[in-house]
Amino acid sequence: TTATVEGNIIYTNASYGIYADGGTVVRRNLVRRCGTYGIYVPSGTVGVVNNTVHRMTGTGIYVAGGSPQVKNNITTSNTGNGIQVAAGTPTVTRNNSFGNGVANYSGFAPVSTDIQSNARYVNPSALDFDLTATSASVNAGTNLGPPYVLSYIGPAPDHGAFESAS
């Protein structure tokens, strides 16, 4: 069976924000201030789509194996890497990784649709991770269809967990 992890706000876990393998769909979650990994993928055909991962003490999204789809995510201000691929054959595209301590992208060559731009959250210190109208992440994602992207506003999905009204 396929599990869906959706619409959660996860913070201050000691180790992982989300640990997902098998055929899990991880979409539209805010993960912040957790331990080593915001979203950890050890194996499987996981869909990691439209998540916001902010201020991990390690890496935002970590792929240790499998063939996951890692798309339409925002990773910001993590002390390690934004998105790191250690093993496996993931498809990583249409993400925004910015201001991470070691590297924004690690272990793979980002494609032209993987940007490195300030996400321009409304007010992250007040836990408002909505995007402003001037964010490069607005309408910058790709429509993967169900079960990954169910709805969006505008010509394309935004990056991150929260769809902008812009």
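Position 1 is the first residue of the sequence; numbering continues from there.
Other residues, nucleotides and ligands contribute only 12 or fewer heavy atoms inside 6.0 Å of the CD1 atom of Ile9.
With sequence neighbours left out, Tyr16 forms a ring-ring contact (aromatic ring centres under 6.0 Å, His included) with Tyr19, Tyr37, Tyr40. The salt bridge (Lys or Arg N to Asp or Glu O under 4.0 Å) test applied to Arg55 returns no partner, not counting sequence neighbours.
Checking Asn123 against Ser125 by side-chain atom types alone, a donor-acceptor pair falls below 3.5 Å.
Side-chain contact between Tyr148 and Val25: present, with at least one pair of heavy atoms (C-beta onward) separated by less than 4.5 Å. Looking at heavy atoms from C-beta onward, Leu127 lies in side-chain contact with Arg32 at the 4.5 angstrom threshold.
One N or O on the side chain of Asn51 and one on the backbone of Asn29 form a donor-acceptor pair closer than 3.5 Å. With hydrogens and angles ignored, the 3.5 Å screen pairs a side-chain donor or acceptor of Thr132 with a backbone N or O of Arg120. With hydrogens and angles disregarded, a donor-acceptor distance shorter than 3.5 Å links the side chain of Asn96 to the backbone of Ser117. Between the side chain of Thr52 and the backbone N or O of Ala161, at least one donor-acceptor pair lies under 3.5 Å. In this structure a side-chain-to-backbone donor-acceptor pair under 3.5 Å is missing from Asn95 to Asp114. A donor-acceptor contact shorter than 3.5 Å is absent between the side chain of Asp158 and the backbone of Glu163.
Linking ILVMFWY side-chain heavy atoms closer than 4.5 Å, directly or via other members, places Val138 and Tyr121 in a single hydrophobic cluster. Under the 4.5 Å side-chain heavy-atom criterion for Ile, Leu, Val, Met, Phe, Trp and Tyr, Phe129 and Tyr152 are members of distinct hydrophobic clusters. Linking ILVMFWY residues whenever their side-chain heavy atoms come closer than 4.5 Å, directly or via other members, places Ile10 and Ile83 in the same cluster. In this structure, Phe98 is not a member of the same hydrophobic cluster as Val53, with clusters built from ILVMFWY side-chain heavy atoms closer than 4.5 Å. Follow the hydrophobic side-chain contacts under 4.5 Å out from Ile74 and you reach Leu30 in the same cluster.
Taking all atoms of both residues into account, the shortest heavy-atom contact from Asn13 to Gly17 is ND2-O, 3.8 Å. The two residues Gly141 and Ala156 make their nearest non-hydrogen contact at O-CB, 3.6 Å. Of all heavy-atom pairs spanning Thr59 and Gly82, the tightest one is CG2-O, 4.1 Å. Among all heavy-atom pairs drawn from Met56 and Gly35, the shortest one is CB-O, 3.8 Å. Annotation for Ala119 and Thr76: closest pair CB-CG2, 4.3 Å, computed over non-hydrogen atoms.
Note that Arg33 lies outside the cation-pi zone of Tyr11, set by a 6.0 Å cut-off to the ring centre and a 45° limit from the axis.
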Please tabulate, one pair per line, all N/O donor-acceptor pairs under 3.5 Å involving side-chain atoms of residues 62-72, not counting sequence neighbours.
{"residue": "Gln69", "atom": "OE1", "partner": "Lys71", "partner atom": "NZ", "Å": "3.1"}
{"residue": "Asn72", "atom": "OD1", "partner": "Thr142", "partner atom": "N", "Å": "3.0"}
{"residue": "Asn72", "atom": "ND2", "partner": "Asn50", "partner atom": "OD1", "Å": "3.3"}
{"residue": "Asn72", "atom": "ND2", "partner": "Thr142", "partner atom": "O", "Å": "2.9"}

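Each salt bridge (charged side-chain N to carboxylate O under 4.0 Å, His left out) pair with one or both residues in residues 4-25, not counting sequence neighbours, appears once here: Glu6-Arg27. Screening residues 98-109 for side chain to side chain donor-acceptor pair (under 3.5 Å) gives Asn78-Asn100, Ser97-Asn100, Asn100-Asn104, Asn104-Gln116 as the qualifying pairs, with residues at least two apart or on separate chains.
Among Asn8, Ile61, Ile39, the one residue that satisfies the side-chain contact (heavy atoms from CB on, under 4.5 Å) test with Val26 is Ile39.
Through side-chain heavy atoms spaced under 4.5 Å, either directly or across other Ile, Leu, Val, Met, Phe, Trp or Tyr residues, Ile115 is tied to no other residue.
Remark: Asn143 CG to Arg94 CZ distance equals 11.0 Å, nearest 0.5 Å.
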